[in-house]
Amino acid sequence: VQLQYDHLKQKEHALNQFRAELAALDSNLQEKLLSVNAKEKEVHAKETQREVELADTKLKLVYAQKDLEAKDKHIAALSDSSTVRTTELLTRVFEAEEEARRKEHELVSKENSWKIT
């Protein structure tokens with residue numbers, strides 16, 4: 001009977017040792033699970049931050065594109081205005097040259113008429 005008792009005590013001791021090892025493994029597994037969960041949250045936060053940054057960049061790109069379109073329209077309007085102004089100035093120059101030629105012709109005609117008389 002003592003031998004059976006000792007044998008059962010050994011088995012109980014082995015079982016308690018196994019339970020302690022199992023509890024340590026479970027604790028280690030729980031720590032690793034917490035670490036994995038923390039890393040998942042960190043990755044999710046980084047992904048969210050990247051999505052926010054991407055959306056911000058896209059928005060800035062849209063604003064920059066709108067600004068460029070507005071500047072293009074302004075430049076086109078200035079160009080059109082400049083073309084009109086240049087045309088007006090060239091017309092005035094042409095008219096002034098014509099007027100100068102006409103006056104020169106009149107003077108030459110007067111000089112010639114004075115020479116005749």
Side-chain angles (χ1 to χ4, degrees):
V1 172
Q2 183 65 36
L3 192 60
Q4 286 179 342
Y5 178 77
D6 289 342
H7 184 68
L8 283 176
K9 279 292 187 185
Q10 284 177 347
K11 283 189 174 185
E12 183 182 17
H13 177 71
L15 184 60
N16 286 338
Q17 193 175 6
F18 178 73
R19 284 180 183 158
E21 289 173 4
L22 192 57
L25 286 173
D26 184 55
S27 176
N28 189 15
L29 191 59
Q30 289 296 328
E31 285 179 26
K32 287 184 179 184
L33 183 62
L34 288 174
S35 175
V36 166
N37 286 341
K39 287 187 184 208
E40 283 179 347
K41 286 180 182 178
E42 185 180 323
V43 166
H44 180 67
K46 285 181 181 179
E47 286 175 349
T48 302
Q49 179 64 29
R50 285 185 186 141
E51 288 172 2
V52 167
E53 289 171 357
L54 180 61
D56 185 52
T57 301
K58 285 180 179 178
L59 186 61
K60 286 178 182 176
L61 183 61
V62 167
Y63 283 133
Q65 191 172 6
K66 295 289 183 191
D67 187 47
L68 281 176
E69 289 172 2
K71 286 179 180 177
D72 282 347
K73 287 179 183 176
H74 182 69
I75 288 170
L78 287 176
S79 178
D80 290 346
S81 174
S82 175
T83 301
V84 168
R85 182 76 176 135
T86 301
T87 302
E88 289 173 356
L89 290 174
L90 287 173
T91 302
R92 285 186 189 169
V93 167
F94 178 75
E95 289 171 351
E97 287 174 346
E98 286 292 313
E99 182 67 19
R101 279 193 283 278
R102 187 186 58 77
K103 286 185 180 182
E104 183 180 0
H105 182 61
E106 285 178 9
L107 280 174
V108 169
S109 294
K110 283 183 184 178
E111 285 178 5
N112 286 338
S113 71
W114 288 336
K115 288 181 184 176
I116 295 175
T117 55

> Passes side chain to side chain contact (heavy atoms under 4.5 Å, CB included), Leu8 versus Gln4? Steps please.
Replying inline: CA-CA 6 Å; Leu8 283 176; Gln4 286 179 342; 5.6 Å; no
> Does the pair Asn16 and Arg19 meet the rule for a side chain to side chain contact (heavy atoms under 4.5 Å, CB included), with working shown?
Replying inline: CA-CA 5 Å; Asn16 286 338; Arg19 284 180 183 158; 3.7 Å; yes
>> Please determine whether side chain to side chain contact (heavy atoms under 4.5 Å, CB included) holds for the pair Leu78 and His74, giving the CA-CA distance in whole Å, both sets of side-chain angles, and the decisive distance to 0.1 Å.
In response: CA-CA 6 Å; Leu78 287 176; His74 182 69; 3.4 Å; yes
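For the atom pair CD1 (Ile75) and CG (Leu68), the distance works out to 9.0 Å, reported to the nearest 0.5 Å. The line from NZ of Lys32 to NZ of Lys39 is 11.5 Å long, rounded to the nearest 0.5 Å. The CG atom of Asp67 sits 9.5 Å away from atom CG of Asp72, with the distance rounded to the nearest 0.5 Å. Distance check, rounded to the nearest 0.5 Å: CD of Gln30 to CG of Asn37 gives 9.5 Å. Here Thr48 contributes atom OG1 and Glu53 contributes atom CD; the two are 11.0 Å apart, rounded to the nearest 0.5 Å.
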Ignoring hydrogens and angles, write down the donor-acceptor pairs under 3.5 Å from the side chains of residues 82-95, residues two or more places apart or on other chains.
unit_1: Thr83; atom_1: OG1; unit_2: Ser79; atom_2: O; d: 2.8
unit_1: Thr86; atom_1: OG1; unit_2: Ser82; atom_2: O; d: 2.7
unit_1: Thr87; atom_1: OG1; unit_2: Thr83; atom_2: O; d: 2.8
unit_1: Thr91; atom_1: OG1; unit_2: Thr87; atom_2: O; d: 2.8

Could you tabulate the donor-acceptor pairs under 3.5 Å formed by side-chain atoms of residues 99-106, not counting sequence neighbours?
unit_1: Glu99; atom_1: OE1; unit_2: Arg102; atom_2: NE; d: 3.3
unit_1: Glu99; atom_1: OE1; unit_2: Arg102; atom_2: NH2; d: 3.1
unit_1: Glu99; atom_1: OE2; unit_2: Arg102; atom_2: NH2; d: 2.1
unit_1: Arg101; atom_1: NH2; unit_2: Glu98; atom_2: OE2; d: 2.7
unit_1: Arg102; atom_1: NH1; unit_2: Glu106; atom_2: OE2; d: 2.3

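Surrounding CG of Leu3 are at most 12 heavy atoms belonging to other residues, nucleotides or ligands under 6.0 Å away.
Between the Ser27 side chain and the Ala23 main chain, no donor and acceptor come within less than 3.5 Å of each other. Side-chain atoms of Ser81 never come within 3.5 Å of backbone atoms of Ala77 as a donor-acceptor pair (strictly under, hydrogens ignored).
Looking at Lys9 and Glu12, a side-chain N of the basic residue comes within less than 4.0 Å of a carboxylate O on the acidic one, giving a salt bridge.
Hydrophobic cluster membership of Leu61, counting Ile, Leu, Val, Met, Phe, Trp and Tyr whose side-chain heavy atoms lie under 4.5 Å apart directly or via other members: none, as it forms a cluster of its own.
Side-chain polar atoms of Gln10 and Asp6 form no donor-acceptor pair below 3.5 angstrom.
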